[in-house]
Amino acid sequence: MAGSQDTVAGPGASGGHATGTDRRERLRRFWKSDFVRSSPFWLIPFLLMGLAVYGGIIWNFLISLTDYEGFLQPPDYSNLDFEMYAQALADPAVFSTGRNTFVLLVAFTTITLILGIFLAILIDSDIRQKNTVQTIYLLPFALSFVVTAQFWLWMYNFQNGLVNTVLGLFGLGPYNWIGNPELVLGAIIFALIWQFSGYCMVVFLAGLQSIPNDQFEAAKVDGASIIKTYWRVIIPQLKSASVSAAVVLMIFALKIFTFLYAMFGTYRPPKGTDVLATLMVREAFNLQNWAYAAAIATILLAMGLAVVAPYLYYQYRARAL
Amino acid sequence: MTEDTSIGSDTVSRRRVLGASAGLAMVGLAGCGGGDTTTEEPEDTPGNGSGDTTEAEPTPNGTELEVLHAWTGGDGAAAVEKLTSMFKEEYPDLATNFRPIGGTGNVNLDSVVARRLANRDPPASWQAWPGQNITQYGGLLANITDVWEENGYTDSMNSRAVTESKLNDEFRSMPLGSHRMNNLFYNVHVFEDAGIDPDSVDSPSALLDAFETIASETDAVPMAHAMSGPWTTLQLVFQNFLGMHGYDAYMDYIDGDGDKALLVEALETTQEMLSNYINEDAATISFTEGNQKMMDGNAATIQQGNWAYGMYRAEDSGVEYETDWDWMEYPGTEEMYMIHIDAFTFARDTNTPVKQKMWAKFLGTKDAQVEFGNRKGTVPLRTDIDTSRLTPFLEMTADHLANYDQFPPTIAHGLAVSPEALSACKTAIGNNFSGPYDIEAAATGLMDAVSQ
């Protein structure tokens, strides 16, 4: 986009002595610039995307400011206020689902990252059947939530589930993974970690393989232990990989609705796993509280943005964006 | 080539644009936060769409009659297949569009309908529980009172179904069949092994005694129960309520006039059942898996709507009526028929008002009700059918429907309470009565739900 200066300089920037021919000349050059000539290729997708995504977000936000509910009245945009947000902040259901969402987000992302980096280091250290092992770890990521949710539900079965059977070998349990509200969120998080740690591993592995062997050798010559080599030399270089993996993981954590719906077949998952997304769907599609649901959606979006914003800022600072 | 298309503009790089637009977005958000009310109304705001009603005119075959239902699999799919082919036989030239939308308990169907109604694009007809459930569609439903009156359905349908099909004093809904709710299905062999006489189990406390006997005498779990959603437990609580305190107390409760002390007693009994006598994997299973446990003899009983019968009747079920499985009215609810209704409801302001009424009329016919019922396991709501056309189990249920006087409407399936109240009931059960059990909180939640 080297030619884009024409567009930005604009007529306003031309000093006081702009003549007619001058202006025509600039218009002609603008018209022939790369910016304009390339526009059919990027402008259309840009507009479609902008309308579908950002238009949707803005419209959702507007609806959340109305009192829209039921089917009879269209939303009234003449009287906007933050009543729904006030109501949401005072609603214990929003608080508890928000807390569950947050716990899920943080615990799932952190543990998956740590596990991913650990697996990547193991695989990177030239084990046998490296490619096979890598595929085995990555495979769960390729499975749909619909599949993984259903078989984790079977694995968590109290009587004949695999989890309790295996723990039973060590004399532990049995635990009521899904029925006990104190365990169920952990059980869900564990299932998600199982599904995504492979992906995380692949991201880190790519980062690890771009680090030249010299650094390992240099560290060795300097007498650094293996742990110290990784901790001081290697892991700091994986920063950008970990940031991008973290963002993808957080986005998956926010999409937990699919997993819960596939698992329980209802918009109302058991106590302890109710998240903002399920609450939003119930408010909108069971009860037609459209404005209230839109407010919850906006809160969820704000949570998502709060998570992603530091990453964007970091990338921007690192001149990667 | 003047100097003012300067090199300076080179610095307006992609990064600058990014930074600036991020800043602008922040300012914009902040501006929104300031509470500006100058928003334009979107162009597609409806309100003038319903003006062009060509209602009285019989529609020729231009527009399809669009019907949405939730019977996507198993016996439901077979039943609806039969139903639609009968309708097409009856009206061979009619363009129709029957669309199944799957999901347990109509959840997906309801959200599709909600979205379409909100977008002013209603389907002509859709499957919906009548009663309080359709209050959410108030003002959007077609009046089909003439269909009811012209065909004499007001006299030939079950009285409770007549009441539940009305909204604001007009008929808005046409029932197709009923599932009975106050059933206790049991495994005959387990009862024999435990030495229990089914006739002696005539109250929830007698049922608890029987459970104790089963637990000590056999290897089977006394009751199969599924708790992956709150509705099954909600259902069980009110079976106990009805069995312990009777019809009038139940009706008082759903009218928002209930006695909390009675509710607490019912919750206590239910808790005793759930804490001691059900399968341990209840939290992860659905009612079909629970039902299978009873059929296999791993559980003695199950409380369910009579859709459970669909599994016993399947050819490869391996169980026979009365030799392997049998049925009793839920203890204490004898001479009552807790009623659930599957019905279709009809949108106003569609392009197919005449076809809608043909469909409504068809749904109420004896043939439609019997043929659908035999396949789906529903009981026809017509009281003038020849019940010998039904399978033996359904025939008995249909006789009860025709001869009983007390038809308490189901709570868990929307007849008795509005969607808001039902949602609040499920929250009360899901949060406070799915283990660990907090009877006081659950009772308060249930009382508040119906008093709104």
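Annotation: maximal heavy-atom pairing with chain B below 4.5 Å, among G70(A), P269(A), P181(A), occurs at P181(A).
Around atom CZ of F190(A), no more than 12 heavy atoms belonging to other residues, nucleotides or ligands sit under 6.0 Å away. By the 6.0 Å contact criterion, OH on Y54(A) is open, its count of non-hydrogen atoms from other residues, nucleotides or ligands being 12 or less.
The contact between N286(A) and chain B is made entirely by backbone atoms, counting heavy-atom distances below 4.5 Å. Heavy atoms closer than 4.5 Å to chain B are found in the side chain of W154(A), but not in its backbone. When heavy atoms are compared at a cutoff of 4.5 Å, Q288(A) approaches chain B solely by way of its side chain, counted from C-beta outward. Neither the backbone nor the side chain of L422(B) comes within contact range of chain A, judged by heavy atoms closer than 4.5 Å. Contact of T427(B) with chain A is made through backbone and side chain together, with heavy-atom distances under 4.5 Å. At a 4.5 Å heavy-atom cutoff, the contact between S423(B) and chain A is made by backbone and side-chain atoms alike. Contacts between Q73(A) and chain B at a heavy-atom distance below 4.5 Å involve the backbone alone (N, CA, C, O).
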Show your reasoning for whether side-chain hydrogen bond (donor to acceptor under 3.5 Å, both in side chains) applies to D110(B) and Y267(A).
CA-CA 12 Å; D110(B) 287 349; Y267(A) 299 151; over 6 Å; no

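One distance of note links CE of M227(B) with CG of N176(A); it measures 9.0 Å at 0.5 Å rounding. To the nearest 0.5 Å, atoms CH2 (W152(A)) and OG1 (T284(B)) are separated by 14.0 Å.
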